[in-house]
Amino acid sequence: MKFARDTWLIFENQMRLLLRNPVWVLVGIFQPVMYLLLFAPLLRPALQVATDAEAYEIFVPGMLVMLAIFGGLFQGFGLIAELRAGVIERSRVTPVSRLALLLGRTLRDVVSLIVQAMIITLLAVLFDLRVFLGNILLAYVMLALIALMTSALSYGVALRVRSEDALAPLMNTVAQPLLLLSGILLPLTFAPEWLQSVAQWNPFSWAVDGTRALFRGDLGAPEVWQGLAITAVLAALAVGWAAREFARSVR
């Protein structure tokens, strides 16, 4: 199938570029690891839980969602560099699918995120985190959908603004309230009722709640399937919109 082959070719090329400079993977996990080492030890008394394992069940899922959001939303900077270098312009004369140009890149971002999430999870296991393998894999599906959605949005916006100076403040303006209203570092059960009500409109709060339910072993919790459904729908919408931006830019 031509579309699958085109997507694989773009993905393979993007992975090759990433592996040539793996420092970006290390940079991506540096901040979460610092949170894990320097912030997580404070959570047990703050959350009033009995063990460190319970504290990590709350903190690590939120940190992984934060990594997926930030890691995806800032992928557009690489695309702007490609635009400036003429890479996207040269794609006009190739028969490659315009949707494959997007999916090859977003799948690279998803793979990079999952590798980082695995490293952080393994480190957390050393700090007494205990979670079933099946639940972790389902949580990674949630993270992959978030990364797919945020990276597609970032690429679409990058094609619109075509400037790092415009993309950086725009992504920060979007990311900060979404992160604060998703209860990433601490559950929103500690927040005032009005803040919890506002957070219900934030799709990432559903993803965080669902991921936390998986890490505490509650596979049947409604938050799990609600989070998966919401992120899947939003990922499909984001990919559809970004694909149209690619088609518009590469004609």
Side-chain angles (χ1 to χ4, degrees), residues 7 11 28 32 54 56-73 75 99 102-122 124-125 129-156 174-175 177-189 191 196-243:
T7 302
F11 170 75
E54 291 180 73
Y56 282 106
E57 286 175 4
I58 295 172
F59 179 68
V60 173
M63 187 170 58
L64 293 178
V65 172
M66 179 179 70
L67 183 64
I69 295 173
F70 266 110
L73 285 178
Q75 292 296 334
L99 178 58
L102 168 68
L103 285 181
R105 288 172 168 82
T106 54
L107 291 177
R108 182 274 315 268
D109 301 333
V110 169
V111 170
S112 175
L113 165 72
I114 296 303
V115 170
Q116 294 174 47
M118 291 172 60
I119 294 172
I120 292 170
T121 305
L122 290 173
V125 168
L129 175 69
R130 296 293 179 266
V131 60
F132 293 112
L133 178 61
N135 289 10
I136 288 182
L137 295 178
L138 192 54
Y140 286 171
V141 171
M142 184 100 70
L143 295 174
L145 289 171
I146 296 172
L148 183 66
M149 171 179 57
T150 54
S151 64
L153 284 174
S154 184
Y155 289 134
V174 171
L178 287 176
L179 289 171
L180 293 173
L181 287 173
S182 60
I184 280 178
L185 297 180
L186 294 172
L188 288 173
T189 52
Q196 296 181 40
S197 300
V198 174
Q200 291 297 311
W201 296 93
N202 179 7
F204 294 116
S205 69
W206 295 88
V208 171
D209 290 342
T211 308
R212 282 188 174 134
L214 288 169
F215 268 70
R216 68 172 179 262
D218 194 359
L219 182 60
E223 295 89 350
V224 174
W225 310 110
Q226 289 166 350
L228 284 169
I230 291 171
T231 51
V233 170
L234 291 177
L237 292 174
V239 168
W241 173 73

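These values consider heavy atoms only, across backbone and side chains, with no hydrogens, waters or symmetry-generated copies.
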(request) Of all the heavy-atom pairs spanning T150 and G72, show the shortest one and how long it is. (result) OG1-CA, 3.2 Å
(request) Decide yes or no for N135 and V224: does some side-chain heavy atom of the first lie under 4.5 Å from some side-chain heavy atom of the second? (result) no
(request) Determine whether Q200 and W206 make a side-chain contact, defined as any pair of heavy atoms from C-beta on separated by less than 4.5 Å. (result) yes
(request) Indicate the atoms forming the closest heavy-atom contact of W241 with L153, along with that distance. (result) CZ3-O, 3.8 Å
(message) I need the L145 CG to T231 OG1 distance, nearest 0.5 Å.
(response) 4.5 Å
(message) Once rounded to the nearest 0.5 Å, what's the spacing between atom CG of L143 and atom CG of L138?
(response) 10.0 Å
(request) Give me the one residue out of T106, L234, L148 that meets side-chain contact (heavy atoms from CB on, under 4.5 Å) with V239. (result) L148
(request) Write down the atom of F204, the atom of M149, and the distance for their closest heavy-atom approach. (result) CE2-CE, 3.4 Å
(message) A side-chain contact here means heavy atoms from C-beta on lying under 4.5 Å apart; do T121 and Y140 qualify?
(response) yes
(request) List in chain and number order the residues that pass ring-ring contact (aromatic ring centres under 6.0 Å, His included) with F70, two or more places apart in sequence or in another chain; answer none if no residue qualifies. (result) F74
(request) Working to the nearest 0.5 Å, report the span between CG of L102 and OG of S151. (result) 7.5 Å
(request) Check L73 against A175 and note the closest heavy-atom contact, atom names and distance. (result) CD1-CB, 3.7 Å
(request) Output the distance between atom CG (L113) and atom CD1 (I69), rounded to the nearest 0.5 Å. (result) 10.5 Å
(message) Donor-acceptor check, side chain of D209 to backbone of E223, threshold 3.5 angstrom: yes or no?
(response) no
(request) Please name the pair of heavy atoms, one in F215 and one in P61, separated by the smallest distance, quoted to 0.1 Å. (result) CG-CG, 3.4 Å
(message) Between R212 (side chain only) and I58 (backbone N and O only), is there a donor and an acceptor less than 3.5 Å apart?
(response) yes
(message) For a 4.5 angstrom cut-off between non-hydrogen side-chain atoms, does I184 reach V208?
(response) yes
(message) Within the structure provided, determine whether R130 and V125 are in side-chain contact (heavy-atom separation under 4.5 Å).
(response) yes
(message) I need the minimum non-hydrogen distance between M142 and L228, along with the two atoms involved.
(response) SD-N, 3.6 Å
(message) Within this structure, what is the CE-CZ distance for the pair M66 and F59, rounded to the nearest 0.5 Å?
(response) 6.5 Å
(request) Answer yes or no: is there a donor N or O on one side and an acceptor on the other, between the side chain of D218 and the main chain of A213, under 3.5 Å? (result) no
(request) Evaluate the criterion side chain to side chain contact (heavy atoms under 4.5 Å, CB included) for residue pair F132 and L219; output intermediate values, then yes/no. (result) CA-CA 10 Å; F132 293 112; L219 182 60; over 6 Å; no
(message) I want to check something: taking the side chain as every heavy atom from C-beta on, are L64 and T211 in contact at a cut-off of under 4.5 Å?
(response) no
